[in-house]
Each structure stands twice: as structure tokens, then as C-alpha cells.
Amino acid sequence: MKILAFESSCDETAAAVVQDGRHVLADEIFSQVALHEMYGGVVPEIAARSHLEVISLLADRALQKAGISRGDIDAVACTYAPGLIGAVLVGVNFAKSAALALGVPLIPVHHIRGHIAANYLAFPELEPPFLCLAISGGNTMLVDVRSYTDMRVLGRTRDDAAGECFDKSARVMGLGYPGGKPIDDLSKKGDDRAYDLPRPAVNDGNPYDMSFSGLKTAVVNIVHHAEQTGEPLDKPGLAASLCRTVSESLVSRTMAAAEALGYAHVAVAGGVAANSRIRADFESACKAAGKTLYVPPLRLCGDNGAMIGAQAYYEYQAGHTAGSDLNAYATMEL
Amino acid sequence: MLTLALESSAKAASAAVFEDEKMLAFSIQNAGLTHSRTLLPMAEDMLKNLGRKPADIDRVAVSRGPGSFTGLRIGLAEAKGLGWALDRPVVGVSTLEAMAYGGPVLDGQMLCCAMDARRGQVYNALFTVEGGKPVRLTEDRAISIGELESELIARQEPWILLGDGAELCFDTLDRSQVTVFLAPEPLRVQSARGVGLAAMGKTAVPAGELMPQYLRMSQAERERLAKLEKE
């Protein structure tokens, strides 16, 4: 089954062709980073405009890359939630019209489910159940993946996403946007104990819930304090300390959950999974605990269409299709 | 030639099917529900009732702006999706021109199409009617009602006001200096009927070349430019 899949929930427009949920025939991405850079973050209206301009060209390129024609498409899938509403709307409305015109099923896919499914593309042997930490610019959640379509959120951030914490910190440190990579690069030259940052803790209720806004504020305060007093700011040290603190928060909860649920497989997904400190810490933690770690290659960590096509296959198997009245949603439970 | 016309630039969404110049079906919904939910099902149901399939569509026409940014993008994304999947061309028409085509097209009438653009402005274009068809007197533009008033006074004609900005103009314009009439309500706002009529004889393009015409930058771009000008 060949699925043409679209992703447009934030600042990448993507179209992909995926066969049977596991084989990527084409994965075309147009990144809008250059359009948003000067604003220091994603501007929703600019994102939505850009998606509309390029989406059909990406669909052309996806078919061309896959070496198939329109008649070979068995279903059309799209991210329908969560995301920047104006951006998601473009992908949803293009996809459902294409499905209607082609006379094939339309499969709505939750963006985070797509990130989790990126692991199926990278690791053919991986099958549910497993535990997955989904970390991106907009979402941070620990998910019990019981089956391909039955998932429970064990814990989540109470405020900012981990990626948001990196982006805002990078901004105040003058590292530009998006912040993940420059912070990661800079952290490699720094002492990860240079700054004693607050451990993001949520002490009431769910032990798997997280918090990153206090950490972000601490970084902002350190930078502002240095500016005001003229004291030198150890930027590499701050970046390294930030990466360590975020990583400790994520890894400790994930490993505790894997232990509690008795899972031998631990997966990480989403753009923040590209962070080298987080990857390294997960590797050693899983090794020590005797668990198998799955982290997709960098290209599949960021937003892409292939992950949507992968998850769409399993959603289709479970009967999750939609009609031409499919709407887009800014927020949606997993 | 079967044309599917879509309109979603403002509060109401509508779809129409034309066989050449004859309108076969028309559907409109103005209940405040998002166009993302209502527009495509309207088109799908109309085709079904006509005994046609989506694959029978030769051309998709859509209003390309000005209008609500999100509303426009819903219609344009659907037109692009249909056009792309069917490998059939698409036509983007000016929302204001579609409004004129859907209005009282009696020869000699002067039509002033206006949408409320907020910020003290209207999206506007002026037309006259010849041979039952609107003929453009101005390009589409975003202007203040004051500027529009000066222009209407200078042209010394009685004007029929169309669009969701018609009442705003009627209430704001100095009617001691310019003669204006509000078009009857059913003829006043843009619809897929007007889009389909305005698309007749226009060149269709591949889906990838269909672009919106917002007539206004995003707020972030405006504020950035204003800041740069100050510096």
C-alpha cells in the first residue's frame, strides 16, 4: 500500500510516499527556517503562506522521486493536529481534496504519533509495545506505545516543551533560531557543571510530568545578570549545563517509566532527539539498564512527511479514516 | 467544460458547478462553521447530486483574494489539491471581481466592491458594466475609506455598493457629496457563482502556479518594516 503523506504543522512543508508503513519511496521537505530566522521564531502567518505556495510542488517532487504516478496512490494522509492552526489547515485541505479527487481513503494522523512512527522507518525490527519519549519544539511527552494505535501519555511537560526551552535560551544567548543545534554545538566546548541550574521538578501528582519554564527563566536571568553587572558569561558552560539539566530530567523519568512498565525497548522521537547530549545519556542509561534504545537518524527526528506516511499505514489498518469534512486542530490528545 | 468554483474569502463559504457558462448547482453556507469543515463536503455533495464524479471536473476556479487570510487559504488549498490530483488546471480570480460578477450587472451601472479590511481600510475595486459584464476601472487595492470617498466624488457617478464592507462604506461615506446605493442583500456578497462567472475566459494554470493575493503583509512583516523605517 502506497500512501502519499503531507506534513505542514509548523515550519516545514513535507510530502512523502511510504509503502506499507515501513519503506520510504520519497521524502521531500521544504524548510522555512530562512523565512523565520529574522523574527527569532516561527511566525504563524508567514508559515501558513509558505506552506500554501509550495505544497503542490512538493507533491510533484514526491511522486517523481518515488517513480510513481497519481494512479498508483492507494491513500492520502496528513497531519491534522496538533500544530499552528493556519499551517495545519493548508496540509489538511490540500490532502483531503487530493484524496477526494483520486477516490482513495483519507487518513488523518496525529503529529506526535508520526514522530513516534519515525522509529518504524529507522528500525524495521521495532514493534510495539515500547516506551517512547517524544520531544520537540512544541511537545514533550512520555508515551506508553501499547500497539501501533493504542497509546497512553504517561507524563508530559506542565509548561514549556524541551525544544522551546532550548530555543528561548538560544535566543537570549544571541545564538539565533532555531536554537537546538547552536546550543548543542556550543555545549561541546563547555563544562556541564559550570552553572548550577534548577532541576525541573514537578512534585505534586504524576511522577512522570516535567517542567521546563523555570529552567528557561534561570538561563534568561543568568544572561541578563551578566549583561547588567558586566561579569563574563561562560556561554559554552551555560549551554553545556543546560543540555545536562534537560537531559537528566528527560532520561531519569523515561528510565523510571521503562522500569515500572517492564519495557525492554525505549525509543526517542522528535526534533530534540537530535541533541547529542540527550542521545549519549540515553545510550549509557539504556546500556546500564539492559534496555534497547531506538533513536531515529537526524533527518527523521525533525518534522517530515515520511513519519506521517508510516503512522498512516497503521491508522488505516485500525480503520481510522476521515471524510471530506476533516478539520485541522491546534491541540488534540494523543 | 465542467468548472467547480469555490469561495471562502469571508464569513460564508460557497461552491458552484458550471457546465460552460451555465450554472448547474450552487450551494452556500453561512452558519459560522469553519470553511475547512463545510466547503469540500458541499462540493462533494453537489457533484454527487449532479451524477458527476470529481474526475469529471475540467477546471477548478477559486477566489484568490483579497479576504480573510485563513479563509482564502482553505479555498486555495482545496483548489490546489483537486487540481493537482486530477492534473487539471486551476483559475484564481479576484474576490472583488467575483463580487462584481455576482452583483447587479445591468449595463451602465457603476459598482463599488468593498470588503472590511480593518485598520480603517477597505479592500476595494471599482467596476462599470458593459454587455452584462463588469469592466474594471481600478486594480484591487487596500485603501482608507477617506481615499475611496475622494475618488468616488471625483468620478461623479452614482455607485452601487457591494461586499461585506458595503454597509461600512454606506454609513461612513459623506452622502451629501457622493450618491451611493446598497445592493440588495442576496446580490451583495461574494459567492462561488460570481467566482465561476468571473473565471470564464480566464487563463487556467497548473496547481503549483496558483497563488493568493492577500493585498496585505503579515503583521510580523509590517511591524518589522515599520521598525526598519524608524531606524
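So you know, we letter chains A, B, ... as the sequences are listed, proteins then strands, and number each from 1.
The local environment of NZ in B/Lys53 is sparse, with at most 12 non-hydrogen atoms from other residues, nucleotides or ligands closer than 6.0 Å. The local environment of CD in B/Glu19 is crowded, with over 12 non-hydrogen atoms from other residues, nucleotides or ligands closer than 6.0 Å. Residue A/Tyr314 qualifies as enclosed at atom OH: its count of foreign heavy atoms under 6.0 Å is above 12. Atom CZ of A/Arg70 sits in a crowded spot, with more than 12 heavy atoms from other residues, nucleotides or ligands closer than 6.0 Å. Enclosure of atom CD in A/Glu227 by more than 12 non-hydrogen atoms of other residues, nucleotides or ligands within 6.0 angstrom is indicated.
With values rounded to the nearest 0.5 angstrom, A/Asn327 atom CG is found 9.5 Å from B/Leu33 atom CG. Atom OG of residue A/Ser97 and atom CG of residue B/Leu76 lie 11.0 Å apart, to the nearest 0.5 angstrom. The CG atom of A/Leu89 sits 5.0 Å away from the CD1 atom of B/Ile74 when rounded to the nearest 0.5 Å. To the nearest 0.5 Å, the span separating OG on B/Ser36 from OH on A/Tyr329 amounts to 8.0 Å.
Looking at A/Leu58, neither its backbone nor its side chain comes within 4.5 Å of chain B, counting heavy atoms on both sides. Only the backbone of A/Ala328 comes within contact range of chain B, with heavy atoms under 4.5 Å apart. Heavy atoms closer than 4.5 Å to chain A are found in both the backbone and the side chain of B/Arg37. Interface remark: A/Leu326 contributes backbone atoms only to the contact with chain B (heavy atom separation under 4.5 Å). Proximity to chain B is absent for every atom of A/Ile85, based on heavy atoms less than 4.5 angstrom apart. Of the atoms belonging to A/Val43, it is side-chain heavy atoms, and not backbone ones, that fall under 4.5 Å from chain B.
When each of A/Ala98, A/Ala99, A/Pro44 is checked for heavy-atom pairs under 4.5 Å with chain B, A/Ala98 comes out on top. Among the candidates B/Glu209, B/Arg224, B/Arg88, B/Glu78, the residue making the largest number of heavy-atom pairs closer than 4.5 Å to chain A is B/Glu78. By number of non-hydrogen pairs under 4.5 angstrom with chain B, the leading residue of A/Met38, A/His51, A/Arg49 is A/Arg49. When each of A/Gly323, A/Ala95, A/Ala59 is checked for heavy-atom pairs under 4.5 Å with chain B, A/Ala59 comes out on top. The greatest number of non-hydrogen atom pairs below 4.5 Å with chain A, out of B/Glu223, B/Glu221, B/Met211, is found for B/Glu221. With respect to chain A, the highest number of heavy-atom pairs below 4.5 Å among B/Gly208, B/Ala77, B/Ala207, B/Pro206 belongs to B/Ala77.
Using the six-membered ring where Trp is involved, A/Phe6 and B/Trp84 have ring planes that are perpendicular, over 60° apart on the 30 and 60° scheme.
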Worksheet item: Given the rule in the salt bridge (charged side-chain N to carboxylate O under 4.0 Å, His left out) test, do B/Arg73 and A/Glu45 qualify, once you have shown the distances and angles that lead to the verdict?
Response: CA-CA 11 Å; B/Arg73 277 193 291 270; A/Glu45 176 62 21; 2.9 Å; yes
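The shortest heavy-atom contact between A/Ile46 and B/Ser218 is CG1-OG, 3.5 Å.
Between the side chain of B/Lys80 and the backbone N or O of A/Ser56 there is no donor-acceptor pair closer than 3.5 Å.
Counting heavy atoms from C-beta outward, B/Leu40 and A/Asn93 have side chains that stay 4.5 Å or more apart.
Using a 4.0 Å cut-off between a side-chain N of Lys or Arg and a carboxylate O of Asp or Glu, A/Lys96 and B/Glu44 do not qualify as a salt bridge.
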